[in-house]
Amino acid sequence: MSQAFRHHIEEIITLTDAQFDHVLSFFKIKKLKKHQYIVQAGDLVTLDYFVLSGLVKSSFINEQGKVHILQFAMENWWVSDYKALNSQTPSAFYIDCIEDTELLTITIQNKNKLCAESHKMEHFFRIKATGGYVALQHRILSLLSNDAETRYKRLFAQYPSLFQRIPKAMIASYLGVSRETLSRLSPV
């Protein structure tokens, strides 16, 4: 568990064993079963989550009851409702487990304390946040400028393992198409 997390951090910064142990002391492990919610709409969000194992999705349900999947998060990905986490307001999203999942969690208070204590960890979290923002920009541009088939092929090319782990209805929701449209797309 801690080796995978350490490797994740050390893709950006280096830490001594003592520094890593100190960083790890700010986190707690949380284990959830398939279909369990991590966050539900309306919840106050106090934690940021790092996926050690498993797969989760972040989704929004509109007024008509349609589910829009915003993000999948698999091993070595971070997930939370960052607006709710940083503003301490109720979540607009549901985050739930697609598979049995093991997470590392950190409170916003501990994350801020860790960043205040360690320039390296502040740098790490800034780089991760920037990367997440860039990925979100790419996703929005893809939704605005690419047809469904192009979005499908790009998702498959970038994350082929997701197609073995996620039902087609969820892939359709993530791509912003109906299940029927997804079934008409050319197989990759």
Side-chain angles (χ1 to χ4, degrees), residues 1-61 68-140 158-159 161-162 165 174:
M1 171 277 298
S2 62
Q3 269 315 105
F5 185 54
R6 184 169 186 166
H7 177 73
H8 175 73
I9 292 171
E10 290 191 338
E11 289 175 348
I12 298 172
I13 62 170
T14 57
L15 298 172
T16 66
D17 290 345
Q19 288 171 327
F20 178 72
D21 289 344
H22 180 69
V23 167
L24 199 56
S25 73
F26 285 84
F27 289 83
K28 293 187 175 164
I29 293 178
K30 185 170 189 160
K31 294 181 182 185
L32 296 152
K33 296 287 185 191
K34 182 178 180 177
H35 303 302
Q36 273 190 288
Y37 283 97
I38 299 168
V39 173
Q40 294 190 61
D43 288 352
L44 287 178
V45 179
T46 60
L47 299 171
D48 196 358
Y49 303 90
F50 176 77
V51 181
L52 289 167
S53 65
L55 181 64
V56 303
K57 75 176 186 322
S58 174
S59 60
F60 171 77
I61 301 175
H68 300 275
I69 296 177
L70 305 169
Q71 176 189 7
F72 295 110
M74 61 180 129
E75 293 82 5
N76 297 321
W77 289 21
W78 293 87
V79 66
S80 193
D81 179 338
Y82 291 104
K83 178 184 179 292
L85 179 65
N86 288 298
S87 64
Q88 296 292 281
T89 57
S91 179
F93 306 128
Y94 293 88
I95 304 173
D96 62 300
C97 300
I98 298 170
E99 301 171 349
D100 290 352
T101 301
E102 187 174 15
L103 305 161
L104 280 178
T105 69
I106 187 168
T107 65
I108 189 66
Q109 294 83 4
N110 276 345
K111 188 175 181 181
N112 290 338
K113 182 179 178 188
L114 181 57
C115 288
E117 289 179 4
S118 168
H119 171 73
K120 284 183 172 187
M121 287 307 297
E122 186 279 329
H123 176 76
F124 168 80
F125 282 119
R126 182 175 50 80
I127 295 298
K128 295 309 289 182
T130 301
Y133 184 75
V134 168
L136 178 61
Q137 285 180 324
H138 284 284
R139 176 156 157 67
I140 291 168
Q158 193 168 14
Y159 305 109
S161 68
L162 278 181
R165 298 171 75 178
Y174 180 80

(message) Please report the interatomic distance CD(Q71) to CZ(F93), rounded to the nearest 0.5 Å.
(response) 9.5 Å
For residues 45-53, please give each side-chain donor-acceptor pair under 3.5 Å, one per line with the distance, not counting sequence neighbours.
from, atom 1, to, atom 2, distance (Å)
D48, OD1, Y82, OH, 2.7
D48, OD2, K111, NZ, 2.8

(request) Kindly compute the distance separating CG (N110) from OG1 (T105), expressed to the nearest 0.5 Å. (result) 9.0 Å
(request) Side-chain contact test, heavy atoms from C-beta onward, threshold under 4.5 Å: evaluate it for E122 versus I13 and give yes or no. (result) no
(message) Quick check for you: to the nearest 0.5 Å, what is the distance between L70 atom CG and S59 atom OG?
(response) 7.0 Å
(request) Mind checking the NZ-OG1 spacing from K128 to T130? Nearest 0.5 Å is all I need. (result) 10.5 Å
Donor-acceptor pairs under 3.5 Å, side chain of residues 22-41 to any protein atom, not counting sequence neighbours: which ones?
from, atom 1, to, atom 2, distance (Å)
H22, NE2, E117, OE1, 2.7
S25, OG, H22, O, 2.5
Q36, OE1, K33, N, 2.5

(message) Are I12 and K120 packed together at the side-chain level, in the sense that at least one heavy-atom pair is separated by less than 4.5 angstrom?
(response) no
(request) Using modelled atom types only, decide if a donor and an acceptor are shared between the side chain of S118 and the backbone of L114 within a distance under 3.5 Å. (result) no
(request) Can you measure from CD1 (I108) to NZ (K113) and round to the nearest 0.5 angstrom? (result) 14.5 Å
(request) Measure the acute angle between the ring planes of F20 and F5, then classify it against the limits of 30° and 60° as parallel, tilted or perpendicular. (result) tilted
(request) List the atom of G54, the atom of E75, and the distance in Å for their closest heavy-atom pair. (result) N-OE2, 3.0 Å
(message) Just so I know, are the side chains of P90 and L44 near enough to count as touching, which here means a heavy-atom distance under 4.5 Å?
(response) yes
(request) Anything under 30° is parallel, anything over 60° is perpendicular, the rest tilted; go ahead and classify W78 against H8. (result) tilted
(message) Within the structure provided, determine whether D96 and K57 are in side-chain contact (heavy-atom separation under 4.5 Å).
(response) yes
(message) If you compare all heavy atoms of A92 against all heavy atoms of D81, which two are closest, and at what distance to 0.1 Å?
(response) N-OD2, 3.1 Å
(message) Using 30° and 60° as the class boundaries, would you call the ring planes of F72 and Y174 parallel, tilted or perpendicular?
(response) tilted
(request) First locate atom CD of E10, then atom CG of L15, and finally report the distance between them rounded to the nearest 0.5 Å. (result) 5.5 Å
(message) So does I98 get a backbone contact from the side chain of R165, meaning a donor-acceptor N/O pair under 3.5 Å?
(response) no
